[in-house]
Amino acid sequence: MKKTIIAAAMTLAVMAATAAEKTVIRIGTDKTDLVLQVAENGRLYQTYLGDRLLSSADTRNLDWAVRSSSDGSVTRRGWEICSCSGNEEYWEPALNMIHNDGNRTTYLYYKSHTQHAVDGGTETVINLADDKYPVNVTLHYVAYPKENVIKTWSEISHTEKLPVTLLQYYTTMLYFSAQSYYLTEFSSDWANEAKMSQQQLQFGKKTVDTKMGSRANIFCQPFFEVGIGQPVSEKQGKVLMGTIAWVGNWRYTLEVDNAGNLRVLPGINPYASDYQLPKGQVFRTPEFIFTLSDNGTSEGSRSFHDWARRYQLKDGMGSRLTLLNNWENTGFGFDQTILSHCMKEAKNLGVDMFLLDDGWFGNGDNARNDDHAGLGDWEVNHAKLPGGVPALCDSARQAGVMFGIWIEPEMVNPRSELFKKHPDWAIKLPNRDLYYYRNQLVLDMSNPKCQDYAFSVVDNLMKENPSIAFFKWDCNSPITNIYSPYLKGKQGQLYIDHARGVQAVMERVARAYPKVQMMLCSGGGARCDYESLKSFSEFWCSDDTDPVERLYIQWGFSQFFPAKAMCAHVTSWNKQTSVKFRTDVASMCKLGFDIGLKEMSPADLAYCQEAIKNWKRLQPAIMDGTQYRLVSPYASQCSGNTGNHMALNYVSQDRSQAVIFCYDIHPRFNEKLLNVCPEGLDAKAQYEVREINLVPGTESRLVENGKTFSGDYLMKVGLDAFTRDQCNSRVIELIRK
Ligand code: DGJ
């Protein structure tokens, strides 16, 4: 007996010693742990990704080897954190390169790691190196504890004599083991952005990607959700939510292997991009940002919103400018007088700024009177605007509003002075017929001269007109005719170096003009990546401003972006709906208008003026508070029918102010209506219920209007806020007493 006890104690001691000797790296937030371990073979493996482990000692009990299938019969298998081409794995590798001797295998061994504090979190830096080739890979992870977000990227470099060819360069790999996996993707098109659909991932690979080059997200948005063990749902279940911060081509590969494990690989799309990396240069992958929520996407979205406002979005904690834009109102047909009038309308409406859209530049044959000419010639159109931009800034000042202006600095029309002077600045094939997207070509931003030129578009305007408060930066064409006269024999770099060139210009502008707010736009909502958003305060979600469509589009983008990053304008799309409905839909995001006031009745105008005042007052909740999505337009909890209603609420950080947006889309006759229960209130506090955004001359029909309830009651019992009216909306303010 005694012997047995001694033997058991010795075994435990050996196990403890082994555990103590292990190199374990813990990348943790307050809710999630990603644990890595160096195996006996010297390589680095993921041993855990899930809910935060209470005891850090437990991270040492994890074993790097996973239960494999027949493939594990010879060597033990693990989840290598940067699995490379040529190893014993049969699944998608993160890294694949050709060395100088033609060898296509890479094995990465752990060398060292450090952890240090950065703004909002802790950065872990891990150095890996091949033992046969002078190749180094550095992995970076920044964990933001409070927001439960992890941001990761890697750096590849080498000292081989000649350039190595990078064939695949995913940012990271994440592994999951569950019974089932469900992917929510966000397919898109012009005026039809961020459409959510869900499918179960079965054995094999599911790829979601873009190869549009610029206007990259026209057919698919750069974010996804994976339900781990159950379908993605709003308020329950484990869900991975991730997005790549890259303005160019990206790819997500989700692969279910022979043992039923899931690998998630986000990165640059290697399509047509075999990259020659010279000795000593660093290839930095884009950041991949993810959160793992245990309570569905609603919580995951809030993590993203908080994180983005604090650490990624330009001026994330600042306020936003309400505006009147002229695109839907005047199109290209304006002059100084019309614009001065619009500025007065902006003032009368009560917004902060007038935003001049496309059509103010180009002269003579190249005048920008439609979308066939002018891009590239950023000189004001003297026929339309004889006083130039300074006169417009003056008119805005006289009207008492700020002034913003539209640009599309990465593009050129063949009908332009710029193209005549620098035909080699455009991306275009020398030996084939050209094809166009919106009659334009993309400037080759891998060429530093084009980068300087794009920067000068903003710089010249700002130097001449320091009072410009805002830019709308558009990008209407994908890359066509893929060939760079600048890169010559290195065409495999074009997609990547072009994207890096675009990002470099954006950063340069943001550095030079930190106070100027910027809207990211791409023929509607084809650009919203979190790398660009470091330099942009907001993005344009869609040219589709039909309020019904917008409810779906905004629901989709809200999964990853805070309301203050999402621009929504009231226009005359779907005039069958009331101005109130259109305004209430736009009010759940960053509110703007793009409509001629003459189209509005005096009552509608008065309504809008009041709604703008309300929106401004509610900024602590809508812009800087916490969002709770309550009823999805995709699957209404209200009736079992889809698309009948939608609701969400915002609560200010101190929970003194809350606002509920309720929308009835196409309710069925006599359908059952459920109460709308807001979330995030102070349960113990009393809140007065006040319906706002009422059309002048009408009174609230909300039965709870004017009454006071506890936060607890409101969250549990809710308000009878939905109706059976078509395209009807209610905005309800909750005021803590
Ligand atoms: C596409 C944008 O999405 C629109 O809002 C508008 O700015 C046009 N381009 C102008 O050409």
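Fair warning: this is a prediction, and the values are worked out from it, not measured in the lab. In listed order, ligands and their atoms are each counted from 1. Residue numbers run from 1 in the order of the sequence given.
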Under 4.0 Å from a heavy atom of W406: which atoms of ligand 1 are those, numbered in the order shown and with their elements?
7 (O), 10 (C), 11 (O)
Donor-acceptor pair, distance only, cut-off 3.5 Å: does the side chain of N465 make one with the backbone of L461?
yes
Consider ligand 1: state whether an atom of it lies below 4.0 angstrom from any non-hydrogen atom of K472.
yes
If you compare D543, D358, D357 by their heavy atoms, the one closest to atom 4 (C) of ligand 1 turns out to be D543
Whether the D474 and W406 side chains hold a donor-acceptor pair (N or O, under 3.5 Å, no angle test) is what I'd like checked.
yes
If we number the atoms of ligand 1 from 1 as shown, the ones under 4.0 Å from a heavy atom of W327 are 4 (C), 5 (O), 6 (C), 8 (C), 10 (C), 11 (O)
Numbered in order shown, the ligand 1 atoms found under 4.0 Å of a heavy atom of C521 are 2 (C), 3 (O)
Within less than 4.0 angstrom of ligand 1, does R438 place any heavy atom?
yes
Establish, yes or no, whether the cationic atom of R438 lies under 6.0 Å from the six-membered ring centre of W190 and within 45° of the ring axis.
no
Between N476 and ligand 1, which part of the residue brings a heavy atom under 4.0 Å of the ligand: side chain, backbone, both or neither?
side chain
Salt bridge (Lys or Arg N to Asp or Glu O under 4.0 Å), that's the test. Do K534 and E507 meet it? Break it down for me.
CA-CA 8 Å; K534 286 177 181 167; E507 279 161 35; over 6 Å; no
Please confirm whether F561 and F223 have ring centers closer than 6.0 angstrom.
yes
protein heavy-atom neighbour closest to atom 2 (C) of ligand 1 works out as D474 OD2, 3.3 Å
N or O pair under 3.5 Å between F332 and ligand 1
no
Do K195's NZ or CZ and the ring of F186 fall within the cation-pi criteria of under 6.0 Å and 45°?
no
Under 3.5 Å between any N/O of R368 and any N/O of ligand 1: does that happen in this structure?
no
Go through ligand 1 atom by atom and flag the ones less than 4.0 Å from a non-hydrogen atom of G523.
1 (C), 3 (O)
Among L339, I405, L349, L392, the one residue meeting side chain to side chain contact (heavy atoms under 4.5 Å, CB included) with F354
L339
With a 6.0 Å cut-off on the ring centroids, do W327 and F332 count as close?
yes
Need the ligand 1 atom indices (1-based, order shown) with element for anything under 4.0 Å from a heavy-atom of W540.
3 (O), 5 (O)
So for S522 against ligand 1, with non-hydrogen atoms under 4.0 Å, the contacting part is neither
Please test R397 against S467 for side-chain contact (heavy atoms from CB on, under 4.5 Å), starting from the C-alpha separation and ending with a verdict.
CA-CA 9 Å; R397 195 174 33 76; S467 66; over 6 Å; no
